[in-house]
Amino acid sequence: MDDYANVSYKERASLYAAEYSDTVDFEFLRSFVTPSVKTILEIPSGVGRNVLNMATTGCSIVAVDREPEMVRFLTERLSREQPRSNVQPVIGDLTLLDLGQLFDLILVPREAFQLLTAEDAPKKALLSLKRHLTQYGALIIDLSPFSHSPTADEDLRPDYYDPKLPDDVWQFDWERRTEHNIRFSREHLQRHQDPETLEILFRYDVKEDGGRSYRTQTSTTFNVYTHRAFTDLANSTGLQVQACYGDYNFKSFEDGDPRMIFCLK
């Protein structure tokens, strides 16, 4: 178990579905589906954590992810769930999106936008999303400030980040089972590279029913935004901030809140 195995996205997708399964934002996101909303874009959709939630609204939904295995996994889940909505899974890149379609509601959930750390990628993504938004549509981008109060509700902050934990210290998070009865546990290590960049290392111990066991490790880097920095970024693309919420109960954002959810027009 001392060696790290290379894990394909096909294997990773099954773990991903069990790893990211929280529902705390479901009711909040569904509240944006007003009678005027007929079309929804979610990007990146992953394996469908929130897509399956939105798929009961009856709206036409396009779910986009850049990883083919995530899209394949979502397609299989949809075939089993048979949702009321028409859901179209698509392979696509957030910064290069060209669907030839406009949407009344666009969702970028739970820190996904913060994964865009390459130079100019955040601005390119916002411009790409703006091109797909109807005139009166809404773009919802859910960020973590990664500077929230330690007393903030644990359900609202990322489960892989603890403001009380020092850098470069491994922390055990949990042990879970996938729908295929694979048992796996996760540890994480957080590292503030600078005030605007956070690196999270994830380490997984996986035990399959057939007896195979392995350990794998990944590293993920996030942009850390202040309210002003993201507002300025949005304004530079011609998008306007209509509201910013600090939780999933529509509380106006204040420093120390565990979420920073922008509603852009």
Side-chain angles (χ1 to χ4, degrees), residues 1-7 9 11-13 15-25 44 46-47 49-50 66-67 70 94 108-119 121-122 125 141-176 178 183-206 214-230 233 244-248 253-262:
M1 295 292 292
D2 293 329
D3 296 329
Y4 292 107
N6 291 322
V7 179
Y9 259 101
E11 293 176 285
R12 182 77 179 89
L15 302 181
Y16 196 88
E19 183 177 3
Y20 298 104
S21 57
D22 60 300
T23 62
V24 66
D25 56 343
V47 294
R49 179 192 70 89
N50 182 58
R66 65 181 297 176
E67 296 297 340
M70 298 292 184
L94 184 55
V108 186
R110 297 288 290 198
E111 299 100 62
F113 191 88
Q114 292 170 269
L115 297 173
L116 301 172
T117 57
E119 187 177 2
I141 299 182
D142 186 359
L143 309 175
S144 171
F146 291 118
S147 60
H148 47 260
S149 167
T151 62
D153 190 331
E154 289 188 10
D155 288 342
L156 299 182
R157 65 194 197 206
D159 73 346
Y160 52 80
Y161 179 77
D162 186 342
K164 303 186 298 295
L165 190 69
D167 280 5
D168 296 307
V169 174
W170 285 101
Q171 173 76 25
F172 179 83
D173 294 327
W174 39 253
E175 182 175 275
R176 296 179 182 175
T178 72
R183 183 158 54 93
F184 71 112
S185 62
R186 189 187 78 185
E187 301 171 272
H188 85 272
L189 178 152
Q190 59 199 43
R191 180 179 296 148
H192 295 81
Q193 297 179 345
D194 55 58
E196 299 177 354
T197 311
L198 173 69
E199 181 186 17
I200 305 289
L201 276 67
F202 296 102
R203 190 161 62 193
Y204 303 88
D205 284 327
V206 184
Y214 62 89
R215 171 176 284 186
T216 186
Q217 182 172 307
T218 63
S219 174
T220 305
T221 303
F222 298 86
N223 279 341
V224 179
Y225 291 100
T226 63
H227 182 277
R228 170 49 57 190
F230 190 84
L233 175 64
C244 184
Y245 305 110
D247 62 16
Y248 297 124
F253 174 78
E254 297 177 298
D255 288 342
D257 285 343
R259 305 307 308 169
M260 190 161 60
I261 311 159
F262 283 88

Decide if atom [atom1] of [X] counts as having more than 12 heavy atoms of other residues, nucleotides or ligands within a radius under 6.0 Å.
| X | atom1 | answer |
| --- | --- | --- |
| Glu175 | CD | yes |
| Gln193 | CD | yes |
| Asp22 | CG | yes |

What distance separates [X] [atom1] from [Y] [atom2], expressed to the nearest 0.5 Å?
| X | Y | atom1 | atom2 | answer |
| --- | --- | --- | --- | --- |
| Arg157 | Asp162 | CZ | CG | 5.5 Å |
| Tyr204 | Glu187 | OH | CD | 11.0 Å |
| Ser147 | His192 | OG | NE2 | 8.5 Å |
| Tyr248 | Asp155 | OH | CG | 10.5 Å |
| Thr117 | Asn223 | OG1 | CG | 6.0 Å |
| Asp167 | Leu189 | CG | CG | 7.5 Å |

Could you pull out the closest heavy-atom pair between [X] and [Y], with the gap in Å?
| X | Y | result |
| --- | --- | --- |
| Leu201 | Trp170 | O-CZ3, 3.6 Å |
| Gln190 | Leu165 | NE2-O, 3.0 Å |
| Arg49 | Pro109 | NH2-CB, 4.1 Å |
| Gly46 | Tyr16 | CA-CE2, 4.3 Å |
| Val108 | Pro44 | CG1-CD, 4.2 Å |
| Ala18 | Ser21 | O-OG, 3.5 Å |

- Does the side chain of Phe146 reach to within under 4.5 Å of the side chain of Pro158, using non-hydrogen atoms? yes
- Task: Evaluate the side-chain proximity of Phe222 to Thr197: yes if any heavy-atom separation is below 4.5 Å, no if none is.
- Result: no
- Task: Ignoring hydrogens and angles, state whether a donor on the side chain of Tyr161 or Glu111 is under 3.5 Å from an acceptor on the partner side chain.
- Result: no
- If you measure only the distance, is there a donor-acceptor pair under 3.5 Å linking the side chains of Ser144 and Gln114? no
Should the pair [X]-[Y] be classified as a salt bridge under the 4.0 Å nitrogen-to-oxygen rule?
| X | Y | answer |
| --- | --- | --- |
| Asp168 | Arg191 | yes |
| Arg176 | Glu19 | no |
| Arg259 | Asp247 | no |

- Item | Tyr225 ring center within less than 6.0 Å of Phe262 ring center | no
- Those residues at least two apart in sequence (or on a different chain) that pass side chain to side chain contact (heavy atoms under 4.5 Å, CB included) with Glu254 are Lys251, Asp257
- Could you label the plane-to-plane angle of the Phe202 and His188 rings as parallel, tilted or perpendicular, counting under 30° as parallel and over 60° as perpendicular? tilted
- Message: Does the plane of the ring in Phe184 sit parallel, tilted or perpendicular to the ring in Trp174? Use 30° and 60° as the thresholds.
- Response: perpendicular
